Trainee: 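One structure, pasted below without further comment.
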Amino acid sequence: MKIIAKKDKDAVAQAAAEIYISALKENPDMVLGLATGSTPLDLYAKLIEANKKGDISFDRVKTFNLDNYIGLPADHEGSYEYYMQENFFNHIDIDPENCHIPPGISDDFPGFCQDYEAAIQAAGGIDLMLLGVGENGHIAFNEPAHKLQAMTHVAQLSPNTIQVNSRFFDRVEDVPTQAVSMGVGSILRSRKIVLLATGTKKKPTIQKLLQEDLIDPAFPISFLKAHPDATLIIEEDYLK
Ligand code: F6R
């Protein structure tokens, strides 16, 4: 794992934006894996700005989101479809047909999961995967467990994740308990991975990752140690 340490969350987003901007200039046909949550918001804002200035274009880019809650329609404010439109897609020159997000509503989730993996492969695989991390070490909705699912699947959210994510909902009871999520294998198949972590709450998570030379399903982020091109962009304070 390569580590890039920056002084604050804006500098983390700036370092990530520079990676995306140079990658998109080199390959305008990139396939991007995308994350939601609080962490990537500053990066998305910087990429929107670069797109508006004409530095980069998304008109040939394809995207696949990591995950989405089960049970929320696309127009629900907590849905990741809503999040992606509001925070990124509505503001860039991307073709909506090229944006793939797991649905919150479906009558065949297992069928969807298989089709999603096939669609990623048909697009040529993911060139650059963006990740955040949960305080408990989850990546996408691969929660700490004895065994982890390899490919896209229906995931149960842990009580910790439900609690942490309740900040996006009126009441903790409103947080969905299930999600569609890429698996650890789907993530590790990506050619390059960039994980962003900011804020004091993620400091113990990243410190644990850097201190232990273990790959442990009870700490899913540790699987990034097995990837040949994974970069963590974190706050300098995490190294103290
Ligand atoms: C989101 C996702 C999650 C988040 C993680 C951190 O698509 O897959 O794993 O990256 O829960 O969320 P934030 O950034 O809100 O702290």
Side-chain angles (χ1 to χ4, degrees), residues 8-10 12-13 16 32-46 63-70 72 74 76-89 99-104 113 116 120 126 128-145 148-149 151-169 172 175-188 190 193-206 208-209 217 219-224 230-235 238:
D8 58 24
K9 93 188 216 318
D10 187 65
V12 166
L32 301 178
L34 296 178
T36 58
S38 308
T39 313
L41 287 171
D42 295 336
L43 167 63
Y44 290 148
K46 289 183 192 296
T63 68
F64 289 88
N65 264 76
L66 283 167
D67 44 24
N68 196 5
Y69 291 118
I70 287 183
L72 302 184
H76 188 289
E77 283 186 25
S79 141
Y80 289 170
E81 287 152 297
Y82 186 92
Y83 170 106
M84 291 308 300
Q85 302 302 341
E86 286 292 303
N87 295 305
F88 198 32
F89 297 150
C99 302
H100 306 272
I101 308 178
C113 292
Y116 202 54
I120 294 170
I126 292 172
L128 180 50
M129 171 65 84
L130 177 64
L131 296 179
V133 61
E135 290 166 34
N136 64 1
H138 74 213
I139 48 174
F141 280 122
N142 296 283
E143 299 281 23
L148 296 173
Q149 295 275 153
M151 295 299 155
T152 302
H153 59 285
V154 171
Q156 305 292 328
L157 273 58
S158 69
N160 172 268
T161 298
I162 291 173
Q163 196 60 48
V164 170
N165 287 6
S166 66
R167 70 191 193 279
F168 298 111
F169 294 83
V172 69
V175 184
T177 56
Q178 289 188 310
V180 177
S181 176
M182 284 191 199
V184 173
S186 336
I187 293 169
L188 292 180
S190 312
I193 298 176
V194 171
L195 182 141
L196 310 183
T198 56
T200 49
K201 289 187 177 156
K202 305 290 172 68
K203 181 173 174 176
T205 314
I206 298 298
K208 177 174 155 77
L209 177 74
F219 192 51
I221 188 178
S222 64
F223 278 76
L224 297 190
T231 299
L232 306 186
I233 312 182
I234 58 174
E235 293 184 17
Y238 290 7

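Remember, it's 1-based here, ligands and their atoms both numbered in the order they're listed. Since we're looking at a predicted model, the values are computed, not measured.
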Trainee: Determine whether the side chains of N68 and E81 contain a donor N or O and an acceptor N or O closer than 3.5 Å.
Mentor: yes
Trainee: Could you list the atoms of ligand 1 found under 4.0 angstrom from a heavy atom of G37?
Mentor: 14 (O), 15 (O)
Trainee: Is it the case that T161 and H138 place a side-chain donor and acceptor less than 3.5 Å from each other?
Mentor: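 Looking only at side-chain atoms, H138 and T161 do form a donor-acceptor pair, the distance falling under 3.5 Å.
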Trainee: What atoms in ligand 1 come closer than 4.0 Å to a heavy atom of G132?
Mentor: 10 (O)
Trainee: In Å, rounded to the nearest 0.5 Å, how long is the span from CG of L188 to CZ of F223?
Mentor: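 Taking CG in L188 and CZ in F223, the distance rounds to 8.0 Å.
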Trainee: Atoms of ligand 1 less than 4.0 Å from T36 heavy atoms?
Mentor: 1 (C), 7 (O)
Trainee: Near A140, which atoms of ligand 1 are under 4.0 Å from a heavy atom of that residue?
Mentor: 3 (C), 8 (O), 9 (O)
Trainee: Before giving the answer on side chain to side chain donor-acceptor pair (under 3.5 Å), spell out for N136 and E143 the whole-Å C-alpha distance, their side-chain angles and the decisive distance to 0.1 Å.
Mentor: CA-CA 8 Å; N136 64 1; E143 299 281 23; 3.0 Å; yes
Trainee: Nearest to atom 6 (C) of ligand 1, what protein heavy atom do you find, and at what distance?
Mentor: V133 O, 3.3 Å
Trainee: Which distance, rounded to the nearest 0.5 Å, do you find between the CD1 of I221 and the CG of L131?
Mentor: 8.0 Å
Trainee: Distance check, rounded to the nearest 0.5 Å: M151 atom CE versus I187 atom CD1?
Mentor: 10.5 Å
Trainee: Using a 4.0 Å cut-off to any heavy atom of K202, which atoms of ligand 1 qualify?
Mentor: 6 (C), 13 (P), 16 (O)
Trainee: To the nearest 0.1 Å, how far is atom 14 (O) of ligand 1 from its closest protein heavy atom, and which atom is that?
Mentor: T39 OG1, 2.4 Å
Trainee: Using a 4.0 Å cut-off to any heavy atom of A35, which atoms of ligand 1 qualify?
Mentor: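 Answer, ordered by atom number: 7 (O).
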Trainee: Which ligand 1 atoms does L66 reach within 4.0 Å, using its non-hydrogen atoms?
Mentor: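 Once the distances to L66 are compared, the set is 8 (O).
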Trainee: Please report which non-hydrogen protein atom sits nearest to atom 5 (C) of ligand 1, along with the residue it belongs to and the distance in Å to one decimal place.
Mentor: H138 NE2, 3.4 Å
Trainee: Quick one: nearest non-hydrogen protein atom to atom 8 (O) of ligand 1, plus distance?
Mentor: D67 OD2, 2.6 Å
Trainee: Please confirm whether the ring centroid of Y69 lies under 6.0 Å from the ring centroid of F169.
Mentor: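 Centroid separation for Y69 and F169: below 6.0 Å.
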Trainee: Non-hydrogen atoms of R167 versus ligand 1: any pair closer than 4.0 Å?
Mentor: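 The answer is yes: ligand 1 sits under 4.0 Å from a heavy atom of R167.
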Trainee: Say you draw a straight line from CG of L232 to CD1 of I193; how long is it, rounded to the nearest 0.5 Å?
Mentor: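 Output value for this atom pair is 10.0 Å.
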